[in-house]
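For the numbers below, each heavy atom of this structure counts, side chains included, while hydrogens, waters and symmetry mates do not.
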Amino acid sequence: MALGVAALPAHASDDDFADGAIAPAWTLLEDAPDRLTLAEQNGRLEVLADDPANNAIDALYLSDGPAGFRLSTAVDFELTLGYALTGFDDAASGVGDALGLTFGVGRDLDGTDSAAIGFGVSRQAFLGGSIVGTALGAAYRVDDAQTEQVLSLFNPAAATFRIAYDAQADDLILGVTDASVAAFVLEDTVRGVWDADALFVSFGARGGGFSLGSGDAWLDDFRVVSGELLPLTAGLIGDFDGSGQVEQGDLNLVLNNWGQNRGDWANSAGLTTVSVDQEELNAVLNHWGDAAAPGFAGSTAPEPSVAVALLGGLGWGLCGRRGLRRRRYGYRSNRDSGVSLAFEPISGKDEKCRAASTAFVS
């Protein structure tokens with residue numbers, strides 16, 4: 001994967017997952033490796049699932065690693081990622097169990113401000129029985145409040161995710177490259193609501209109740225079709241969320257994960273223990289307020305990876321919708337020219353969605 005800091009020609013940052021090893025630009029974040037894994041094989045990135053227990057806690061993602069990149073929101077960009085979910089064993093699944101493939105962007109670690117497109121399978125109750133179906137959907141979060149929309153039922157089982165950004169209008173478009181399938185359009189969100197001057201990329205899967213073997217589900221051909229790549233924040237002691245500044249987000253990471261395995265936190269090289277303890281706390285407190293050089297961090301502390309709380313109940317019933325601070329967004333077909341169909345979120349609270357958003361941060 002070729003990375004740069006200037007505007008990219010088309011296909012300059014392709015990753016076809018054909019060399020059998022995850023590139024250093026990506027960091028694998030896993031919650032249940034014995035249940036759900038990513039394997040770069042057969043010229044693609046295959047998702048293998050051994051009857052994952054719960055889609056809210058079984059998750060894995062490839063996200064920007066120390067050698068990775070972020071995308072400037074000052075210019076237009078377009079990202080694409082191929083996916084397929086062509087076979088599954090639902091013998092052990094129960095109603096509501098799900099397995100999904102996701103592709104997203106965001107500015108923070110826990111999915112508080114993020115957006116994603118996803119496709120998955122779910123068993124649903126129907127007329128006293130149950131049937132298995134698939135759905136394409138999109139979701140986004142503002143201040144940890146989630147809104148989502150089903151875009152297509154039962155198809156397409158194999159297609160190409162597409163995330164595009166119109167910098168002038170501040171519109172983020174989530175969908176697939178198939179023009180016959182509707183897209184999810186977020187208006188005035190990336191800079192207007194998130195106040196983000198850069199976005200990070202992640203993709204992967206979450207599962208519950210379905211088994212997947214080799215060739216049943218895969219992701220392939222990640223492409224930065226257009227856009228401006230920016231370098232990640234340089235190493236900064238105590239900046240465990242990778243925001244470019246040692247502040248409340250880092251302290252929250254330490255306190256919320258006290259005693260647990262630190263995982264793939266940014267700028268954690270050189271620490272002597274793998275569990276979160278006084279060593280991490282001292283690093284944050286002793287360097288409180290430190291900041292990286294200008295140009296290496298977002299204006300509102302974007303963090304090194306995005307957790308996408310998408311499609312916790314893939315199929316017909318997505319995670320419960322919650323009210324949003326701002327409600328300017330649209331839902332339209334890729335074929336429409338300027339016609340946007342507005343929809344309103346409904347209030348409510350779904351702790352399963354909240355758990356799903358942080359499932360892989362360990």
Output the distance between atom [atom1] ([X]) and atom [atom2] ([Y]), rounded to the nearest 0.5 Å.
{"X": "L251", "Y": "N256", "atom1": "CG", "atom2": "CG", "value": "9.0 Å"}
{"X": "L81", "Y": "L101", "atom1": "CG", "atom2": "CG", "value": "9.0 Å"}
{"X": "L219", "Y": "F103", "atom1": "CG", "atom2": "CZ", "value": "9.5 Å"}
{"X": "R262", "Y": "S275", "atom1": "CZ", "atom2": "OG", "value": "8.0 Å"}
{"X": "L36", "Y": "R206", "atom1": "CG", "atom2": "CZ", "value": "9.5 Å"}
{"X": "D216", "Y": "T86", "atom1": "CG", "atom2": "OG1", "value": "5.5 Å"}

With F161 as reference, evaluate L136, T177, L174 under the side chain to side chain contact (heavy atoms under 4.5 Å, CB included) test and give the passing residue. L136
Can you spot which of D170, I173, L71 makes a side chain to side chain contact (heavy atoms under 4.5 Å, CB included) with Y165?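 Among D170, I173, L71, the one meeting side chain to side chain contact (heavy atoms under 4.5 Å, CB included) with Y165 is D170.
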For the student: nearest non-hydrogen atoms of [X] and [Y], plus distance:
{"X": "L99", "Y": "P52", "value": "CD1-CG, 4.4 Å"}
{"X": "E148", "Y": "A139", "value": "CB-CB, 3.5 Å"}
{"X": "I117", "Y": "G137", "value": "CD1-O, 3.4 Å"}
{"X": "V47", "Y": "A205", "value": "CG1-CB, 3.8 Å"}
{"X": "A196", "Y": "R191", "value": "O-CG, 3.5 Å"}
{"X": "R35", "Y": "D51", "value": "NH1-O, 2.6 Å"}

With D221, which residues qualify under side chain to side chain donor-acceptor pair (under 3.5 Å), at least two apart? none
Check: [X] side chain, [Y] main-chain N or O, donor-acceptor pair, under 3.5 Å:
{"X": "E279", "Y": "T272", "result": "yes"}
{"X": "D58", "Y": "A53", "result": "yes"}
{"X": "D178", "Y": "S180", "result": "yes"}
{"X": "D76", "Y": "A167", "result": "yes"}
{"X": "T189", "Y": "E187", "result": "yes"}
{"X": "D250", "Y": "E247", "result": "yes"}

Applying side-chain contact (heavy atoms from CB on, under 4.5 Å), run through V254 and W265 and close with a yes or a no. CA-CA 10 Å; V254 172; W265 288 8; 4.1 Å; yes
Does [X] belong to the same Ile/Leu/Val/Met/Phe/Trp/Tyr cluster as [Y], with side-chain heavy atoms less than 4.5 Å apart forming each link?
{"X": "V105", "Y": "V142", "answer": "yes"}
{"X": "L62", "Y": "Y83", "answer": "yes"}
{"X": "V201", "Y": "F119", "answer": "yes"}
{"X": "L48", "Y": "L38", "answer": "no"}
{"X": "L255", "Y": "L271", "answer": "yes"}

My understanding is that only residues two or more places apart in sequence, or in another chain, count here; which of them pass side chain to side chain contact (heavy atoms under 4.5 Å, CB included) with A74?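 Partners of A74 under the side chain to side chain contact (heavy atoms under 4.5 Å, CB included) test: S72.
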Between [Y] and [X], is there a side-chain heavy-atom distance shorter than 4.5 Å?
{"X": "L172", "Y": "F77", "value": "yes"}
{"X": "E40", "Y": "W218", "value": "no"}
{"X": "L253", "Y": "N257", "value": "yes"}

Among D113, T73, D197, which residue satisfies the side-chain hydrogen bond (donor to acceptor under 3.5 Å, both in side chains) criterion with R107? D113
Salt bridge (charged side-chain N to carboxylate O under 4.0 Å, His left out) against R44, all qualifying residues, sequence neighbours excluded: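 Listed in chain order: E46.
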Flag the pair F222 / W26 as yes when their ring centroid distance falls below 6.0 Å, and as no otherwise.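 Here the rings of W26 and F222 have centres that are less than 6.0 Å from each other.
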